[in-house]
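Small disclaimer: the values here were computed from a predicted structure and weren't measured. When a residue number appears, it is its place in the shown sequence, counting from 1.
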Amino acid sequence: MPKFSHVFQYLVFRLYLVVAVLPFCVAANAADGPDCSRPLTLGLHVHGLLYSSQTGTGIDKDIADAMAQRSGCTITTTVLPRARIWQLIESGALDFSLSGIATPERDRFAAFAWYFSNRYYLLVRQDSGVERLADFDVRPKLQLGVIRSFRYGARANQWVDQLAADGRISYASDLEPLYQVLLLGRIHGMIIEPFDMMDVQGTPVKDVTRIIELDDPAIPHGLIMSKKSLSPVEQNKWRALVDELRQNGTVQRIFEKYFAPDLARRMVNFQQ
């Protein structure tokens, strides 16, 4: 009986320590983690495997859910055109978006937390006579379709800007209208990413197009944070959270839902 009494007293003491220390641990975690004192907002845009409005699923939606679960914050998602998302990020009316790339202009009003990297490709009509990028330049009647506000790698941006200056760009709010005018021959090419490949496979678009790799290296993409609505301290907390999601395998598991494992690994395991 005395031996049982000692064990019982020991267990009670251990329980007391847990109860006593727990509030301090919770407070420390709350201090280290993002500020969840208000609901946060995140803009999704319809773009291939990143987000589908028909199914309500996609890589960006999964990343947003993982952010909310890991942080404990309430994150309200809204589906918006990409150009509108950038406007709201700049004004501070929107806290976050996803799968964004940096430019000098965007760096003025947005901060980023990188979690994948990918290359861009030119999807071009087979009857355009374009076998490489230079062929597009020397055929002045060829038009390129571009999603409004989209940017790419440095060389691709320079190429698109030159075509725009020459009046050879047709703009749309998302991919679907570009696929339609590409099929009709009103444009002759458009820039796509790995997320868009499934949109092309098994459709009439595949039958009339070929894919040409652009010259730019893979470009880092990541969480977009509004500098106007989130302080530098909060930006760093979210950056640390995204890094943790990469390190613990969450991001790779999400990408492997949509891509073959080897491609998912290449996209997620990149050098910053």
Side-chain angles (χ1 to χ4, degrees), residues 45-54 58-59 81-83 86 99-106 116-221 255 258-260 262-264 266-267 270:
H45 71 294
V46 176
H47 191 106
L49 294 176
L50 291 179
Y51 184 73
S52 166
S53 58
Q54 295 179 341
I59 292 171
R82 194 55 154 173
W86 285 113
S99 63
I101 68 173
T103 67
E105 180 185 5
R106 292 171 181 175
F116 76 93
S117 180
N118 72 252
R119 301 178 68 94
Y120 289 94
Y121 303 85
L122 177 65
L123 181 70
V124 65
R125 286 185 61 97
Q126 294 175 7
D127 59 10
S128 66
V130 173
E131 300 283 348
R132 53 195 179 94
L133 205 58
D135 295 335
F136 204 99
D137 294 334
V138 299
R139 291 170 169 78
K141 292 185 178 181
L142 300 185
Q143 291 279 317
L144 183 73
V146 169
I147 297 176
R148 193 171 285 106
S149 85
F150 262 45
R151 301 302 282 168
Y152 315 96
R155 294 176 185 171
N157 286 338
Q158 185 179 17
W159 181 61
V160 169
D161 290 345
Q162 183 57 58
L163 291 178
D166 295 338
R168 298 177 59 187
I169 296 287
S170 294
Y171 293 99
S173 59
D174 56 53
L175 285 168
E176 192 56 38
L178 292 180
Y179 290 135
Q180 296 302 319
V181 292
L182 183 68
L183 278 172
L184 294 171
R186 294 176 186 169
I187 64 172
H188 307 89
M190 54 189 284
I191 297 176
I192 63 171
E193 302 176 75
F195 313 106
D196 313 319
M197 300 298 189
M198 294 301 294
D199 287 343
V200 175
Q201 298 299 322
T203 71
V205 174
K206 183 179 185 300
D207 297 333
V208 300
T209 59
R210 66 169 60 94
I211 293 175
I212 298 173
E213 191 169 295
L214 298 181
D215 294 333
D216 281 311
I219 306 298
H221 292 58
F255 273 69
Y258 301 90
F259 294 109
D262 59 337
L263 177 55
R266 288 200 303 272
M267 295 175 74
F270 62 97

Distance, nearest 0.5 Å, that separates [atom1] of [X] from [atom2] of [Y]:
X    : Y    : atom1 : atom2 : value
R266 : N118 : CZ    : CG    : 11.5 Å
D137 : D166 : CG    : CG    : 9.0 Å
S149 : Y171 : OG    : OH    : 10.5 Å
S53  : E176 : OG    : CD    : 9.5 Å
E193 : L49  : CD    : CG    : 10.5 Å
L182 : S170 : CG    : OG    : 11.0 Å

Taking all non-hydrogen atoms of both residues, which atom of [X] and which atom of [Y] are closest, and how far apart?
X    : Y    : value
Y121 : M197 : CD1-CE, 3.7 Å
V160 : L144 : CG2-CD2, 4.0 Å
S99  : L50  : OG-CD1, 3.5 Å
L142 : V130 : CD1-CG2, 3.5 Å
R168 : P140 : NE-O, 3.4 Å
F136 : L163 : CE2-CD1, 4.1 Å

Do [X] and [Y] come within less than 4.5 Å of each other through their side chains, counting heavy atoms only?
X    : Y    : result
Y179 : T209 : no
D216 : R119 : no
L133 : I212 : no
V205 : L123 : yes
L175 : M190 : yes

Check against salt bridge (charged side-chain N to carboxylate O under 4.0 Å, His left out), R151 and D161: CA-CA 10 Å; R151 301 302 282 168; D161 290 345; 2.9 Å; yes
Aromatic plane relationship, Y120 with H221 - under 30° parallel, 30 to 60° tilted, over 60° perpendicular: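 The arrangement is tilted - the two ring planes meet at 30° to 60°.
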Trace of the side-chain contact (heavy atoms from CB on, under 4.5 Å) decision for K206 with V200: CA-CA 5 Å; K206 183 179 185 300; V200 175; 3.9 Å; yes
Exceeds 12 heavy-atom contacts within 6.0 angstrom, atom CZ of R186: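 Result for CZ/R186: open.
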Over 12 non-hydrogen atoms of neighbours within 6.0 angstrom of CZ in R132: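 Open: at most 12 neighbouring heavy atoms sit under 6.0 Å from CZ of R132.
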Would you confirm whether [X], through its side chain, and [Y], through its main-chain N or O, come within 3.5 Å as a donor-acceptor pair?
X    : Y    : answer
R125 : L183 : yes
R106 : I101 : yes
R82  : D174 : no

Q162-Q158 side chain donor-acceptor pair, cut-off 3.5 Å: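 Judged by distance alone, the side chains do not pair up.
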Between D196 and H47, a side-chain donor and acceptor under 3.5 Å: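 There is such a pair (donor and acceptor under 3.5 Å, judged by atom type) between the side chains of D196 and H47.
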Residues H45, F150; criterion side-chain contact (heavy atoms from CB on, under 4.5 Å); working and verdict: CA-CA 12 Å; H45 71 294; F150 262 45; 3.9 Å; yes
Among F116, F259, Y51, the one residue meeting side chain to side chain contact (heavy atoms under 4.5 Å, CB included) with I59: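 The side chain to side chain contact (heavy atoms under 4.5 Å, CB included) with I59 is passed solely by F259 among F116, F259, Y51.
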